[in-house]
Amino acid sequence: MKQNKKIRFDEDEGPKGGEGVNTKNKEWDLDGSHANKRSSEMGVGGSDPKQPRRNGRKIVNFDSDDEDEDEGEDEDQQHNRRTDYLKIKMKARTLLEDRKKLPVYKVKDRLVPKIISSRVSIVIGETGSGKSTQIPQFLMKRCKGAIAVTEPRRVGAINLATRVAEEYGCIIGREVGYSVRFSNATSRKTRLKYMTDGMLLREMMLDPTLSKYSMVVVDEAHERTILTDMMLGLLKQLVTDKRKHDSEFRIVVMSATLDADKFSHFFDNAPIYFIEGRMFPVERLYLQQSVDDITDAMVKAIIGVNQGERAGDILCFLPGQDDIDKVTSLLKRLAPELPKEAPLIIPLPLYAALPPAQQMKVFERVKPSQRKVILSTNISETSVTVPGIRFVIDSGLRKVKVWRHELGLSTLLTVPISKASASQRTGRAGREAPGKCFRLYKESDYIKLIENTEPEILRSEIVSPVLMLKRLNVENILGWNWLENPGREALSSALQQLYSLNALSDTGKITDMGRKMVVLPVAPHLAAVLIQAREYDVLDPVIDIVSCLSVDTLVLTPANDRRDEINAKRRDACTLGSHYGDLLMLKELFDIYNGLSGAAERKSWCKDVGVSYKGFKNVLRIRKQIQGYMQHIPDDLANSEDQNQTLDASLILKSFLKGFVTNTAIGMPDRSYRTVTTGDTVSVHPSSLLFGKKLDAIMYIEHVYTAKGYARNVSSIELDWLQEVAPHYLGLRVNVES
DNA sequence: GAGCACTGC
């Protein structure tokens, strides 16, 4: 067995920082009198934070895939192409000077041979080290085949590929390209491909040995998304596998934090390489007393920092939209009344549910007499980087969706963050100059925080991951080489669900049905619905509905004063929906949207019935993709060509019942419902068209627990259908070991 | 009579 050697590449110069480096812990209080002295010096490399990043290194933070863009053809295209080529090459040459300044560039000649020489390497690169852009390029020159670099997010993959193509000196999609859902910029020439980890997993479902690639670089592994965890497990399997074992296949795991030992241990003590980052020191300050009202504490802290600290914007972390809206409106009210010596506070909310135009406001400049205060959820921890931040105020809280296997429902909880997350939030203040992080909790509370955020796979439903493993013929799911084993309960629940969806046989092997399901870009339950719908000859309307269900913010919650009006409008527009429920409503809404001619007309209609215009645009994209995939899935029955033209509500709902038999409940005399599986009480969510109706039985797509157990996306069903659609499902258990 | 953090195919 190899030695677990950790090699550190140090830089001689440059600012240092990060948690525990050059920093001292201090206490502060909410009333403004900081325990520390005020510092007046501008930090190392104190560039104007309002200036855009150097040499066009503009950080595009939001995905703006606009379909309306159209590029016209030019007449003297050839001439243009030649000048473009020269421009690209010149750009690359100027960028090279910047690249040479990156910490990773300086250790290139020592690092690259080491990576090449071992089958698996772990690279720890701190923020600003340049690992994600540089290491893949270095490796490109040293290895023959194609390299896949996986990212957890679409925007990340696209931005990195765009940047690297510039540095390399090619048009995006030639030697350097990317592949994400709905957007592919690769060609036969592509040797370096940035992609989402979901994309690589998809490729693995079609080509389990990844024969196209001679190297896979897993970036941001420390984020521990379900898909990254799955990929690491599969890559380990691949590298132990004979075919790849003898070849030149290489794996690089890149991570930002120091939890590299886990990855190293997982890959049989793979060597770890450490590359220093380019972070400025950030001072951390704690409260002496804990607070009980987090929004009140946040407002006080913001006002205190605004009055006591030098120029620079403030980034505040709060758990959710609710708190953010509260603090924002309070600050808007208070700001004009505050002392005029201090900058004027410009509060800006930032969370995923916010319309993109409002999100973009955090990037707009403000006057020198003003100070941006960004009130954000966890979105600023990883997905959005706002420039100009010098101060962070951290509530120490976040919201997390937790799946309860035993109950088959999810809950949304507000919980304390981990130390790793606290450090990540703190680092947001030290990207451009030294900064400060004010923590709205005591140091003794910090010490009690868990080291790392619990990996997502431990708190999620894992039906889809288990189906992937079955597709790759993993026999013993419980004993598979999980980076984190989700546990017997979660696994057996997943196996049981797959069995009842006919994705697994009673010996636990994947069925033809399962093979069809695994390639569809929807949850296994919805995949089962699609396949059933084709047998019932109602595929088209079901694809429309499934596409609608795949967009999470399609049907909006109306403001209180428009509630009744909007509900009435929806009811009027959806005759079938009013009778059969929300799935048919989605179909009817979709048809109306699709029937409208122009964008303006569609937009105003969306506003009228309280649905998202952008959401419906996404529905159309997903619908097109599903239609394409369904054409490639063999149809055993080979149905007659003529499709049902009328909307057969009962056949549509029976198709859905195929995937959601376990999500059914029987009506009780008191208008409540008892679930068929556990007998627990479940209520129809007030957003449903069927809210308040008395029905024999219901089927729902989602079961959430907030104030109480709610069924969402509810349909009215007949009890006979249960027997007809799934006569065998009740009371069956699958052995986990099988 | 509700309110949802974030991401992916």
Side-chain angles (χ1 to χ4, degrees), chain A residues 63 150-157 179-184 195-206 220 223-231 317-325 350-354 376-384 395 397-402 410-415 417 421 453 456-457 459-460 464-465 467-468 517-524 526-527 546-547 550-560 563-564 567 618 621-622 625-626 628-629 671 683-693 702 704-712 714:
Chain A
D63 198 2
T150 72
E151 297 291 326
R153 281 168 293 278
R154 290 163 45 91
V155 228
S179 166
V180 301
R181 189 181 190 183
F182 302 128
S183 183
N184 188 347
M195 60 208 295
T196 42
D197 38 21
M199 261 301 183
L200 190 71
L201 275 175
R202 234 196 102 71
E203 287 191 6
M204 281 183 121
M205 291 305 107
L206 304 166
E220 314 278 17
E223 286 193 26
R224 304 295 308 275
T225 66
I226 293 181
L227 298 178
T228 311
D229 270 25
M230 286 297 294
M231 218 167 46
F317 285 98
L318 283 160
Q321 180 177 342
D322 234 27
D323 315 84
I324 289 172
D325 289 343
L350 181 61
Y351 43 80
L354 215 58
S376 172
T377 58
N378 250 356
I379 194 172
S380 298
E381 220 179 85
T382 49
S383 310
V384 179
S395 68
L397 299 169
R398 65 178 182 127
K399 281 196 179 179
V400 60
K401 199 171 189 173
V402 179
S410 64
T411 51
L412 200 70
L413 305 171
T414 301
V415 297
I417 58 173
S421 180
T453 308
E456 196 187 1
I457 204 159
R459 50 182 162 82
S460 314
S464 174
L467 182 59
M468 283 183 197
M517 283 162 62
V518 80
V519 297
L520 287 169
V522 292
L526 288 171
V546 168
S547 305
S550 302
V551 173
D552 41 22
T553 47
L554 186 66
V555 179
L556 308 167
T557 352
N560 272 333
R563 192 183 68 188
D564 295 332
N567 283 344
N618 268 324
R621 287 207 293 191
I622 295 169
Q625 192 185 34
I626 296 177
Y629 283 164
R671 292 197 175 192
S683 309
V684 175
H685 196 272
S687 64
S688 171
L689 278 191
L690 296 181
F691 177 74
K693 286 201 175 179
E702 207 186 355
V704 294
Y705 196 92
T706 50
K708 50 180 175 175
Y710 283 112
R712 298 188 59 179
V714 184

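From a predicted model like this one, the values you see are computed outputs, not experimental measurements. Below, chains carry the letters A, B, ... as their sequence lines are ordered, and counting in each starts from 1.
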To the nearest Å, how far apart are A:Arg398 CZ and B:dT7 P?
14 Å
Nearest whole Å is fine: how far is B:dC9 C1' from A:Met204 CE?
15 Å
Between A:Pro465 and A:Ile226 the two heavy atoms that sit nearest each other are CG-CG2, 3.8 Å
Rounded to whole Å, how long is the line connecting atom CD1 of A:Ile457 with atom C1' of B:dT7?
14 Å
Judged by nearest nucleotide, the residue sitting upstream toward the 5' end of DNA chain B, A:Phe691 or A:Ser550, is A:Phe691
Output the rounded distance in Å from CG (A:Leu350) to C1' (B:dA5).
13 Å
Between CD1 of A:Ile226 and P of B:dG8 the distance, given in whole Å, is 13 Å
Of B:dG3, B:dT7, B:dC9, the nucleotide closest to the side chain of A:Arg153 is B:dT7
In whole angstrom, give the distance that lies between atom CD of A:Glu151 and atom C1' of B:dG8.
13 Å
Residues passing the side-chain contact (heavy atoms from CB on, under 4.5 Å) test with A:Asp325, sequence neighbours excluded, are A:Gln321, A:Tyr351
What's the closest nucleotide to the side chain of A:Thr557 if the choices are B:dG1, B:dC6, B:dG3?
B:dG3
Has A:Thr225 got a side-chain N or O lying under 4.0 Å from the OP1 or OP2 atom of B:dG8?
no
Looking only at B:dA5, B:dC9, B:dG1, the nucleotide nearest the A:Lys401 side chain is B:dA5
Measuring from the side chain of A:Thr706 (C-beta onward, heavy atoms only), which nucleotide among B:dG8, B:dG3, B:dA5 has the closest atom?
B:dG3
A:Pro558 side chain, from C-beta outward: closest of B:dG1, B:dC6, B:dA2:
B:dA2
Base, sugar-phosphate alone, or nothing: which one does A:Asp325 contact when heavy atoms must sit under 4.0 Å apart?
nothing
If you check the A:Leu412 side chain, which of B:dC6, B:dC9, B:dA5 turns out closest?
B:dA5
When you get a sec, tell me which of B:dG1, B:dC9, B:dT7 is the closest nucleotide to the side chain of A:Met199?
B:dC9
For A:Met199 versus A:Arg181, what's the shortest heavy-atom pair and its separation?
CE-N, 3.7 Å
Assuming nearest nucleotide by heavy-atom distance, tell me which of A:Gly320 and A:Val522 is located more 5' along DNA chain B.
A:Gly320
Less than 4.0 angstrom between a side-chain N/O of A:Gln321 and OP1 or OP2 of B:dA5, yes or no?
yes
Indicate, with a heavy-atom threshold strictly under 4.0 Å, whether A:Asp323 touches base, sugar-phosphate, or nothing.
nothing
A:Val519 near the nucleic acid: base, sugar-phosphate alone, or nothing, with a heavy-atom cut-off under 4.0 Å?
nothing
May I ask you to establish whether A:Arg563 and A:Phe691 are in a cation-pi arrangement, using a distance under 6.0 Å from NZ or CZ to the six-membered ring centre and at most 45° from the ring axis?
no
Winner on side-chain proximity to A:Pro521, out of B:dA2, B:dC9, B:dC6, is B:dC9
Any side-chain heavy-atom pair of A:Thr150 and A:Thr228 under 4.5 Å
no
Any side-chain N or O of A:Thr196 less than 4.0 Å from the OP1 or OP2 oxygen of B:dG8?
no
Specify the separation, in whole Å, of atom CG of A:Asn378 and atom C1' of B:dC6.
7 Å
From the candidates B:dG8, B:dT7, B:dA2, the one with an atom nearest any side-chain atom of A:Ser383 is B:dT7
Atom CD of A:Gln625 and atom C1' of B:dC9: how far apart are they, to the nearest Å?
7 Å
A:Arg202 near the nucleic acid: base, sugar-phosphate alone, or nothing, with a heavy-atom cut-off under 4.0 Å?
sugar-phosphate
Output the single nucleotide from B:dG3, B:dC9, B:dG1 whose closest atom is nearest the side chain of A:Asn560.
B:dG3
Can you list the residues that meet the salt bridge (Lys or Arg N to Asp or Glu O under 4.0 Å) rule with A:Glu223, with sequence neighbours excluded?
A:Arg153
For A:Ser687 and B:dG3, is the shortest distance between a side-chain N/O and OP1 or OP2 below 4.0 Å?
no
Would you name the heavy atoms of A:Glu381 and A:Phe317 that are closest together and state the gap between them?
N-CE2, 3.9 Å
